[in-house]
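Side chains included, hydrogens not; waters and symmetry mates left out as well; all remaining heavy atoms used. Chain identifiers are assigned alphabetically (A, B, ...) following the order of the sequence lines, protein sequences preceding nucleic acid strands; residue numbering begins at 1 within each chain.
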Amino acid sequence: MGINKIQEVIGIILLIGTVLSASLVLIGGSTLLIKNGNDTMSRAKMYKRPYTVTIKKLWRDATSFNTLGIIEIGILMLVLTQLLRVTLLTFYYISERDCWFTTFTIYIILMLSASLMWHQ
Amino acid sequence: MVSIVTIGLIWEIYAIEGPLTVLTFSVLLFFFAILAGLLGALTGLGGGIVVIPVLVLLFHINLHYAMGAALISVIATSSGATAAYLREGYTNLRAGLFLETSAVTGAILGAYLISYIPVKVIAVIFSLVLFFSAYLTIKQKEEAEPEKTSHPWSLALKLDGTYPDHHLLKHYRLQHVPIALFTMGFAGLLSGLLGIGSGSVKVLVMDQFLKLPYKVATTTSNFMIGITAAASAGVYLNHGYINPAVTFPVMIGVIIGSFSGARLLTKMHNRTLRIIFSLVICLIGVQMLYKVFFGVLG
């Protein structure tokens with residue numbers, strides 16, 4: 001597979017991933033507005049920052065079809081699309097036996113994964 | 001038409017001060033996010049750097065939440081742009097990935113540092129970046145003469161490339177690779193620390209140090225931004241900087257604004273407009289500084 005083909009595939013992945021993510025965010029957000037649209041905005045919540053989410057909590061929220069959870073999954077999907085795109089490039093560089101760029105892309109994957117698994 | 005929009009804007013700004021429903025709040029956020037995305041695309045700075053001051057100054061949203069929402073918007077808009085540009089053949093994938101190793105390192109470090117740096121200090125750094133970005137907007141871009149030799153690292157890693165120019169493929173050779181790598185880490189640090197894409201810094205590094213042709217620099221920068229921002233996003237998520245209720249209208253608004261702005265940009269190459277936009281960015285920077293020293297930021 002030539003680099004041009006890979007670039008095409010990455011482009012498609014990025015597009016699908018972004019559209020999917022935006023759709024999830026939109027669905028979750030619309031549900032939020034339908035359910036809680038008439039509630040008064042809690043200013044305190046916007047000033048201070050008690051909101052914490054870990055990836056584990058995110059999965060729990062999403063599977064319980066919690067509205068915020070759907071938005072969170074959409075957000076996570078956006079990040080995972082980036083991971084997927086770099087992973088694809090890693091496979092490409094492995095197939096090309098390009099040691100340096102295999103190393104570079106693996107390093108990027110490790111950093112992206114470390115950031116997702118970061119604990120306080 | 002302009003007067004209607006102005007009256008509408010003023011009414012909305014006042015509306016923000018009173019009690020709001022979740023719906024009104026989200027709609028207002030969405031509307032201003034579109035404007036921010038539009039301004040970001042027209043100045044070439046990206047939605048992130050414009051939307052954060054709007055959220056903080058106008059909506060009084062916690063700076064961390066604003067940064068989180070902006071960061072996610074940046075990933076989304078850059079992904080869309082990259083998908084469009086990759087096919088055109090300007091993006092230098094190898095150079096981008098090589099520099100990205102440094103950028104993601106900086107990004108994670110920057111995101112990590114947020115919890116150790118006071119909000120006021122972050123706001124000041126942000127204002128300085130705004131001023132610098134405003135300067136970059138009006139800086140004249142000159143196409144330099146193509147270089148005759150490549151930096152040894154560029155030869156070793158095969159970073160040199162070609163780009164299409166009037167049905168021809170023009171060659172370019174990279175220079176000063178090590179310093180570009182180092183400075184890119186700094187761009188990543190800013191991205192992680194402030195929740196922006198740092199596109200303007202990346203383009204600056206590629207243009208000034210690597211001597212990449214301008215179109216190659218901008219498309220490669222776009223390619224990189226999504227990955228850099230994604231690197232900080234994980235840290236942001238785990239530290240609770242990303243509030244879905246804030247992120248939802250902002251992300252969708254900035255996407256729409258950036259997309260519209262990008263389309264408008266092809267029709268607007270007016271230098272006067274760039275100067276006006278630059279002044280607006282400066283004004284926002286001044287407002288941020290004012291809030292830091294006299295207001296209730298942080």
**Q** Would a distance-only check, ignoring hydrogens and angles, find a side-chain to backbone donor-acceptor pair under 3.5 Å from T18(A) to G80(B)?
**A**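 No, the answer is negative, given that no donor and acceptor are paired below the 3.5 Å cut-off.
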
**Q** Nearest 0.5 Å, what's the CE-CD1 distance between M77(A) and I75(B)?
**A**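 Spacing of CE (M77(A)) from CD1 (I75(B)) equals 13.5 Å.
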
**Q** For S115(A) and N238(B), which heavy atoms make the closest approach, and how far apart are they?
**A**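 For S115(A) versus N238(B), the nearest heavy atoms are O-ND2, 3.4 Å.
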
**Q** Please state whether the side chain, the backbone, both or neither of E8(A) comes within less than 4.5 Å of a heavy atom of chain B.
**A**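 Side chain only.
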
**Q** Just how far is it from atom CZ of F248(B) to atom OG1 of T31(A), taken to the nearest 0.5 Å?
**A**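 One gets 8.5 Å once the value is rounded to the nearest 0.5 Å.
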
**Q** Taking atom CE of M111(A) and atom OG1 of T101(B), what is their separation to the nearest 0.5 Å?
**A**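 Here the interatomic distance stands at 9.5 Å.
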
**Q** Which one of L83(A), I71(A), I13(A), N4(A) has the most heavy-atom pairs closer than 4.5 Å to chain B?
**A**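 Going by pairs under 4.5 Å, I would pick I71(A).
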
**Q** Looking at every non-hydrogen atom in both residues, tell me the closest pair between R94(B) and F101(A) and how far apart they are.
**A**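 It is O-CE2, 3.1 Å.
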
**Q** For a quick test of reading the model, state the closest non-hydrogen atom pair linking L33(A) to S26(B) and the distance between them.
**A**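 Of all heavy-atom pairs spanning L33(A) and S26(B), the closest is CD2-OG, 3.5 Å.
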
**Q** Do you know the tightest heavy-atom contact between V79(A) and A233(B)?
**A**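 Minimum heavy-atom separation between V79(A) and A233(B): CG2-CB, 3.7 Å.
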
**Q** Relative to chain B, which of I75(A), V86(A), T81(A) shows the most heavy atom pairs under 4.5 Å?
**A**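 Top option by heavy-atom pairs under 4.5 Å: I75(A).
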
**Q** Looking at CD1 of I16(A) and OG of S79(B), how far apart are the two atoms once the value is rounded to the nearest 0.5 Å?
**A**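 With rounding to 0.5 Å, CD1 (I16(A)) is 13.0 Å from OG (S79(B)).
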
**Q** Below 4.5 Å from any heavy atom of chain B, which atoms of S30(A) appear? Answer side chain, backbone, both or neither.
**A**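 Interface part for S30(A): backbone (N, CA, C, O).
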
**Q** Select one option (side chain, backbone, both, neither) describing which atoms of V25(A) are under 4.5 Å from chain B's heavy atoms.
**A**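 Looking at V25(A), backbone and side chain both touch chain B.
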
**Q** By a 4.5 Å heavy-atom criterion (distance strictly below it), what part of L89(A) contacts chain B: side chain, backbone, both, or neither?
**A**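 Contact with chain B involves the side chain of L89(A) alone.
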
**Q** Which atom pair, heavy atoms only, marks the closest approach of L15(A) to A83(B)?
**A**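 Shortest heavy-atom contact: CD1-CB, 4.0 Å.
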
**Q** What distance do Q82(A) atom CD and I225(B) atom CD1 have between them, rounded to the nearest 0.5 Å?
**A**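 The distance works out to 11.0 Å.
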
**Q** Under a 3.5 Å cutoff, is there a donor and acceptor pairing between the side chains of T105(B) and Y107(A)?
**A**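 There is such a pair between these side chains.
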
**Q** Heavy-atom distances under 4.5 Å only: say whether L26(A) touches chain B with side chain, backbone, both or neither.
**A**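 The answer is both parts of L26(A).
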
**Q** Measure the CG-CD1 distance between L93(B) and I10(A) for me, rounded to the nearest 0.5 Å.
**A**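 Spacing of CG (L93(B)) from CD1 (I10(A)) equals 6.0 Å.
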
**Q** Checking heavy atoms, do the side chain of F223(B), its backbone, both or neither come under 4.5 Å from chain A?
**A**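 Both the backbone and the side chain of F223(B) come within 4.5 Å of chain A.
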
**Q** If I measure from the heavy atoms of chain A, does T247(B) come under 4.5 Å with its side chain, its backbone, both, or neither?
**A**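 Just the side chain, heavy atoms under 4.5 Å.
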
**Q** Where on I252(B) is there a heavy atom nearer than 4.5 Å to chain A: the side chain, the backbone, both, or neither?
**A**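 The answer is the side chain of I252(B).
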
**Q** Below 4.5 Å from any heavy atom of chain A, which atoms of L159(B) appear? Answer side chain, backbone, both or neither.
**A**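 When you check distances to chain A, only side chain atoms of L159(B) fall under 4.5 Å.
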
**Q** Identify the two heavy atoms, one from M251(B) and one from S21(A), that lie closest to each other, and give their separation to 0.1 Å.
**A**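 The pair with the smallest heavy-atom distance is CE-OG, 3.6 Å.
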
**Q** Which one, I227(B), V104(B), I72(B), leads in non-hydrogen pairs under 4.5 Å with chain A?
**A**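 Going by pairs under 4.5 Å, I would pick I227(B).
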
**Q** Looking at residues at least two apart in the chain, or sitting in another chain, which of them share a side-chain hydrogen bond (donor to acceptor under 3.5 Å, both in side chains) with T90(A)?
**A**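 Per chain and number, T90(A) pairs via side-chain hydrogen bond (donor to acceptor under 3.5 Å, both in side chains) with T105(A).
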
**Q** Which region of D98(A), side chain (C-beta onward) or backbone (N, CA, C, O), has a non-hydrogen atom less than 4.5 Å from a non-hydrogen atom of chain B, or is it both or neither?
**A**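 Side chain only.
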
